[in-house]
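Sequence positions, counted from 1, serve as the residue numbers for this chain.
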Amino acid sequence: MNSKTAFVTIVGRANAGKSSLLNAIIGEKIAMVSDKPQTTRTKITGVLTQNEVQYVFMDTPGVHKAKTKLGVHMLQTVKDSVSEIDIVLMVIDTSKKIGENEANLIETFKASHTPVILILNKIDLIEKEKLVSIIAECSQMYDFEAIIPISVLNNDGIDIVFSEVTKHAVDGPHYFPDDTLTDQPEKVLAAEIIREKLLQLLNEEVPHGIAVTIEEMKEREDKDILDISANIFCERDSHKGIVIGKNGAMLKKVGSLAREELESFFQIKVNLQCWVKVKQDWRNKEGMIKNFGLQ
């Protein structure tokens, strides 16, 4: 039996449902999800092996207008991720108007000559008549390999997406062990789980200026507890106060929610310690962006 691979990049504007789609396809939560724009900051790889075919999915940051150096790096990640791969999944939120971000992505496709499947997500939020008009509009924008209406929330159409992607698998070796789910190091996954809780609990501009690093992650000798030490960085002293909360209430809530998910993910009791620190305007400092692994 010949082995095959399919390298797939998932792109789209912020909050279109790219990370949720990746999680649904892989069958495990490996990408952080929230309703805040720019939740995904780097390329996240999900791996699924079924019989002879290994699928390698790359979730990318949402396309947006860059306002910081970090934003510039995020957009470059998207552009780099659509070249020399087998297929692109372009995800559109059907409840929002198609605009400049989608047009810019399509120009990138034209330059790279990459085959693209258009994914129309959140069809549960619109009327069928509107969906028909969106399909007609998108058909004029680019010669898509397929246009697939889905609802990730309702797990509607995911099997069709998977079937279309399979058509683009090519002969080649499996680049990851067959039981691999992601190439993300455990420390990165732990940091993202903590940042996800911060995004879910904090409002307005504060979450976008937050980065999380894992300083220590060590299983005790008796192997019944995983000790995790995390630093939460924010850009202003006022933001530090918000993250900590009155009498430490917000930080305790973040820690409690993160600990619960960490224990579920790693299947071990977790002792989580979080500290909050300030790094002024770190999103515009190349050195800090690199230190946080976001370059």
Side-chain angles (χ1 to χ4, degrees), residues 2-33 39-63 74-93 101-102 104-122 138 142-152 155-184:
N2 294 331
S3 63
K4 293 186 175 184
T5 59
F7 281 83
V8 187
T9 294
I10 306 174
V11 300
R13 73 161 70 175
N15 291 110
K18 301 182 301 300
S19 297
S20 296
L21 176 60
L22 174 63
N23 292 338
I25 291 173
I26 299 299
E28 294 284 348
K29 183 179 177 183
I30 60 171
M32 185 173 60
V33 177
T39 296
T40 302
R41 287 174 169 169
T42 60
K43 182 174 65 179
I44 297 172
T45 303
V47 182
L48 179 65
T49 304
Q50 290 195 343
N51 301 318
E52 77 274 15
V53 183
Q54 183 169 88
Y55 305 85
V56 183
F57 294 90
M58 289 164 281
D59 183 20
T60 60
V63 177
M74 290 163 65
L75 290 180
Q76 190 60 48
T77 296
V78 178
K79 292 180 180 179
D80 293 344
S81 297
V82 299
S83 62
E84 298 183 7
I85 50 97
D86 298 315
I87 191 74
V88 170
L89 300 182
M90 178 180 174
V91 183
I92 286 180
D93 179 350
N101 290 325
E102 286 79 13
N104 290 338
L105 274 175
I106 287 175
E107 289 304 312
T108 302
F109 302 151
K110 290 177 180 177
S112 63
H113 304 288
T114 303
V116 183
I117 296 173
L118 182 63
I119 308 298
L120 303 179
N121 189 26
K122 305 185 183 181
C138 292
Y142 190 75
D143 184 19
F144 295 104
E145 297 289 312
I147 298 177
I148 308 173
I150 71 168
S151 169
V152 176
N155 198 34
D156 181 9
I158 306 300
D159 55 336
I160 301 174
V161 175
F162 195 78
S163 177
E164 285 293 330
V165 167
T166 302
K167 295 178 183 178
H168 295 269
V170 298
D171 291 335
H174 292 179
Y175 292 88
F176 297 89
D178 286 357
D179 60 352
T180 300
L181 289 178
T182 180
D183 67 343
Q184 297 292 294

* To do: For V8 and Y55, run side chain to side chain contact (heavy atoms under 4.5 Å, CB included): C-alpha distance rounded to whole Å, both residues' side-chain angles, the deciding distance at 0.1 Å, then the answer.
  => CA-CA 7 Å; V8 187; Y55 305 85; 5.6 Å; no
Heavy-atom closest contact ([X] atom, [Y] atom, distance):
X    : Y   : value
G172 : S3  : O-OG, 2.7 Å
L22  : G46 : CD1-CA, 4.2 Å
R13  : K18 : O-NZ, 3.1 Å
Q184 : T45 : NE2-N, 4.2 Å

Find the distance between [atom1] ([X]) and [atom2] ([Y]) and round it off to the nearest 0.5 Å.
X    : Y    : atom1 : atom2 : answer
F57  : I26  : CZ    : CD1   : 6.0 Å
D178 : E52  : CG    : CD    : 11.0 Å
D179 : L181 : CG    : CG    : 8.0 Å

Does [X] use its side chain to pair, donor to acceptor, with the backbone of [Y] at less than 3.5 Å?
X    : Y    : answer
Q54  : Y175 : yes
N23  : I30  : yes
T166 : F162 : yes
H168 : F7   : no
T180 : P177 : yes
N121 : V152 : yes

Test item: [X] and [Y] side chains (from C-beta on) under 4.5 Å apart, heavy atoms:
X    : Y    : value
I119 : I92  : no
E145 : K167 : no
L21  : I158 : yes
Y142 : M90  : no
F144 : I106 : yes
T5   : V56  : no

* To do: Please determine if D93 and K122 form a salt bridge, counting it only when a charged side-chain N lies under 4.0 Å from a carboxylate O.
  =>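 A salt bridge is present here (some side-chain N lies under 4.0 Å from a carboxylate O).
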* To do: For I87 and I117, run side chain to side chain contact (heavy atoms under 4.5 Å, CB included): C-alpha distance rounded to whole Å, both residues' side-chain angles, the deciding distance at 0.1 Å, then the answer.
  => CA-CA 7 Å; I87 191 74; I117 296 173; 3.9 Å; yes
* Can you list the residues that meet the side-chain hydrogen bond (donor to acceptor under 3.5 Å, both in side chains) rule with T182, with sequence neighbours excluded? ->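 T182 satisfies side-chain hydrogen bond (donor to acceptor under 3.5 Å, both in side chains) with no residue once adjacent residues are dropped.
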* Has D143 got more than 12 heavy atoms of other residues, nucleotides or ligands less than 6.0 Å from its CG? ->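 Not more than 12 within 6.0 Å, no.
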* Determine, step by step, whether I150 and I160 satisfy the side chain to side chain contact (heavy atoms under 4.5 Å, CB included) criterion, reporting the C-alpha distance in whole Å, the side-chain angles of both residues, the deciding distance to 0.1 Å, and the verdict. => CA-CA 9 Å; I150 71 168; I160 301 174; over 6 Å; no
